[in-house]
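For reference, the structure discussed in these notes is given below.
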Amino acid sequence: MQPVVFAQPSFPEHALIDSGGAEKLERFGPVVLRRPDPQAFWTKRLSEAEWARADLTFVRESDRGGRWEARAGAQRVATGSDPQWNVKYGAAQFVIRPTPFKHVGLFPEQATNWERVTQSFPLFGVERPRLLNLFGYTGAASVLAAQRGYEVTHVDASKASIAWTRENAELSGLAGDAMRIVVDDALGYARREARRGSKYNVVLLDPPHYGRGPKGETWQFEDGIAPLVATVRDLLAPRALVILSTYAIGCSPLTFQNLLRELGEGTIEAGELALAAAEGGLPLPCGFCARFSRGFE
C-alpha cells in the first residue's frame with residue numbers, strides 16, 4: 001500500500017540529494033544546504049564525507065534557532081554574513097536567504113500546488129480569476145499566479161515576509177501593482193472580505209501552527225482553522241479551488257478532508273506533500289495537503 005502523495009513537477013534548480021538521521025541535504029541553485037528535518041528518521045544513503053561537502057550547514061543553538069556555517073571553499077554566494085542568491089522556477093525568480101530559523105524563503109514541495117493553480121486558470125470561465133493567498137509568506141505562489149494572469153491578493157502578518165514578497169515580485173519582472181499585497185491577520189482579513197461580499201476563485205491556505213498578527217492578534221492552528229475554513233466558504237465563487245496545506249502540525253490528511261467538506265459540495269483530494277530524492281533515494285515527507293474544487297470537475 002502506497003500513501004497518497006501529490007506528484008512533484010520538475011524543478012531543475014532544486015534537488016533533494018539525501019535525507020536521514022533527522023537531516024536533509026538539498027541543492028538550491030548552485031548551493032548545497034544541510035539542515036535539520038525531524039521527519040527523516042531513517043538511515044542516510046550517502047556517506048558523512050559526502051554530506052560534509054555541503055556549502056552551508058545549519059547549526060542549532062537553541063530551540064529558537066541557530067546559525068549557518070559555510071565550509072571552506074563553499075560557493076561564493078553562500079559565504080559572508082548575509083548569504084543570498086536567486087533560483088528560477090518557470091518564468092519566476094526567488095531570493096534564497098538562509099534564516100536563523102533554518103528556513104530559506106522557499107518551500108519547493110509546494111511546487112505541486114503552484115502547478116495546480118496554474119493549470120486551473122482556464123477552468124474558471126472568467127477572463128481574470130481572483131486568487132487570495134492567506135499566510136502568503138514570501139510570495140512564490142502569488143508571483144506565479146500573477147504571472148499566469150490571476151488577480152492576486154497576497155496576505156501575510158509579517159512585514160519581513162511582505163518585503164521579501166516584493167523582492168520576489170520585482171525579480172520576476174512583475175510591475176509594482178501586479179498584485180495586491182496586504183500586511184494583516186489572515187482570519188481578520190478574510191472575515192472583512194466576507195462582510196464586503198468579496199468572492200474568489202482560488203483561496204490558498206498554508207497556516208503555521210502558531211503566529212501573531214501585526215496588531216498582536218494570536219493565531220493558534222487548533223483554534224483558528226475551523227473558523228477560517230467557515231469564513232472561506234463565504235468567499236468562494238461558484239467555480240472555486242481551495243488548497244490547504246501545513247507542516248509540523250499534529251493532524252492528518254483525513255482531518256483536512258473532513259474540514260474541507262464544510263465548504264459544501266465539491267471534489268476533495270487529500271494526501272501528503274513530499275520531495276522526491278535524487279538517484280532513487282527515499283522521498284521526504286513535507287506536510288499534509290487537501291484540495292477542494294467545484295464547478296469544473
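No hydrogens, no waters, no symmetry mates; every other heavy atom, side chains included, goes into these values. What you see is a predicted model, and the numbers here were worked out from it, not measured in a lab.
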Return yes if some donor-acceptor pair links the side-chain N/O of [X] with the main-chain N/O of [Y] below 3.5 Å, else return no.
| X | Y | value |
| --- | --- | --- |
| E13 | K88 | yes |
| T112 | A7 | yes |
| R71 | G73 | yes |
| T138 | G105 | yes |
| Q8 | E109 | yes |

Interatomic distance, [X] atom [atom1] to [Y] atom [atom2] [nearest 0.5 angstrom]:
| X | Y | atom1 | atom2 | value |
| --- | --- | --- | --- | --- |
| L259 | L254 | CG | CG | 10.0 Å |
| Q257 | F292 | CD | CZ | 12.0 Å |
| Q110 | C289 | CD | SG | 6.5 Å |
| R192 | D184 | CZ | CG | 4.0 Å |
| R97 | N86 | CZ | CG | 9.5 Å |
| I243 | S293 | CD1 | OG | 9.5 Å |

Considering non-hydrogen atoms only, spot the tightest contact between [X] and [Y] and give its length.
| X | Y | answer |
| --- | --- | --- |
| P122 | Q119 | CD-O, 3.4 Å |
| W219 | P207 | CZ2-CB, 3.7 Å |
| D156 | S158 | OD1-N, 2.9 Å |
| N113 | L273 | ND2-CD2, 4.1 Å |
| Y137 | T165 | O-OG1, 2.9 Å |
| S142 | N133 | OG-ND2, 2.9 Å |

Which residues share a salt bridge (Lys or Arg N to Asp or Glu O under 4.0 Å) with K102, sequence neighbours left out: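 With neighbours one apart ignored, the set is empty.
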Is [Y] reachable from [X] through a run of I, L, V, M, F, W or Y residues, each pair having side-chain heavy atoms under 4.5 Å apart?
| X | Y | answer |
| --- | --- | --- |
| I225 | L263 | yes |
| L106 | V95 | no |
| V87 | L16 | no |
| L46 | L33 | no |
| F6 | L260 | no |

Sequence neighbours excluded - salt bridge (charged side-chain N to carboxylate O under 4.0 Å, His left out) pairs with any residue from residues 44-54: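 For residues 44-54: E23-K44, R34-E48, R45-E279.
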Pairwise salt bridge (charged side-chain N to carboxylate O under 4.0 Å, His left out) hits with a residue in residues 112-133, at least two apart: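 Listed by first then second residue: R116-E269, R130-E151.
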Inter- and intrachain pairs under ring-ring contact (aromatic ring centres under 6.0 Å, His included), touching residues 40-73, at least two apart: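 Sorted pair list: F58-W68.
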ring-ring contact (aromatic ring centres under 6.0 Å, His included): pairs with one or both residues in residues 250-281, sequence neighbours excluded: none
Ring pair (Phe, Tyr, Trp, His ring centres under 6.0 Å) partners for F28, two or more places apart: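 By the ring pair (Phe, Tyr, Trp, His ring centres under 6.0 Å) rule, F28 matches H14.
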Partner set under ring pair (Phe, Tyr, Trp, His ring centres under 6.0 Å) for F121, not counting sequence neighbours: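 If we apply the ring pair (Phe, Tyr, Trp, His ring centres under 6.0 Å) test to F121, skipping adjacent residues, the hits are Y150.
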Those residues that, when tested against Q147, pass side-chain hydrogen bond (donor to acceptor under 3.5 Å, both in side chains) (two or more places apart):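 Residues passing side-chain hydrogen bond (donor to acceptor under 3.5 Å, both in side chains) with Q147: none at all.
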Contacts of type side-chain hydrogen bond (donor to acceptor under 3.5 Å, both in side chains), residue T153, not counting sequence neighbours: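 If we apply the side-chain hydrogen bond (donor to acceptor under 3.5 Å, both in side chains) test to T153, skipping adjacent residues, there are no hits.
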D18 vs K24, salt bridge (Lys or Arg N to Asp or Glu O under 4.0 Å): CA-CA, chis, key distance, verdict: CA-CA 6 Å; D18 195 16; K24 58 185 173 182; over 6 Å; no
Plane angle bin for F296 and F124 - parallel if under 30°, tilted between 30 and 60°, otherwise perpendicular: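 F124 vs F296 ring planes: perpendicular.
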Side chain to side chain contact (heavy atoms under 4.5 Å, CB included) assessment of V117 paired with L144: CA-CA 9 Å; V117 170; L144 289 161; over 6 Å; no
Atom CZ of R76 with >12 non-hydrogen neighbours under 6.0 angstrom: no
Do [X] and [Y] come close enough that some side-chain heavy atom pair is under 4.5 Å?
| X | Y | result |
| --- | --- | --- |
| P98 | L56 | yes |
| E26 | L275 | yes |
| V31 | I96 | no |
| S245 | F135 | no |

Residue pair Y210, T218: steps toward the side chain to side chain contact (heavy atoms under 4.5 Å, CB included) verdict: CA-CA 8 Å; Y210 177 81; T218 299; 3.6 Å; yes
For residues 169-182, tabulate all N or O donor-acceptor pairs below 3.5 Å that involve a side-chain atom, not counting sequence neighbours.
from, atom 1, to, atom 2, distance (Å)
S172, OG, Q93, N, 2.9
S172, OG, Q93, O, 3.0
S172, OG, N168, O, 2.9
R180, NH1, Y189, OH, 2.7

Pair Y247 and F107, ring centroids less than 6.0 Å apart: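 No, ring centres 6.0 Å or more apart.
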By side-chain contact (heavy atoms from CB on, under 4.5 Å) - contacts of P12 (at least two apart):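 S10.
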CA sep, side-chain torsions, deciding dist, call: I162, H154, side chain to side chain contact (heavy atoms under 4.5 Å, CB included): CA-CA 9 Å; I162 290 292; H154 174 98; 3.8 Å; yes
Verdict with supporting geometry, Q75 and W85, side chain to side chain contact (heavy atoms under 4.5 Å, CB included): CA-CA 10 Å; Q75 295 280 340; W85 63 97; over 6 Å; no
Without placing hydrogens or testing angles, list every side-chain donor-acceptor pair under 3.5 Å for residues 227-240, not counting sequence neighbours.
from, atom 1, to, atom 2, distance (Å)
T231, OG1, P227, O, 2.9
R233, NH1, E262, O, 3.2
R239, NH1, L123, O, 3.2

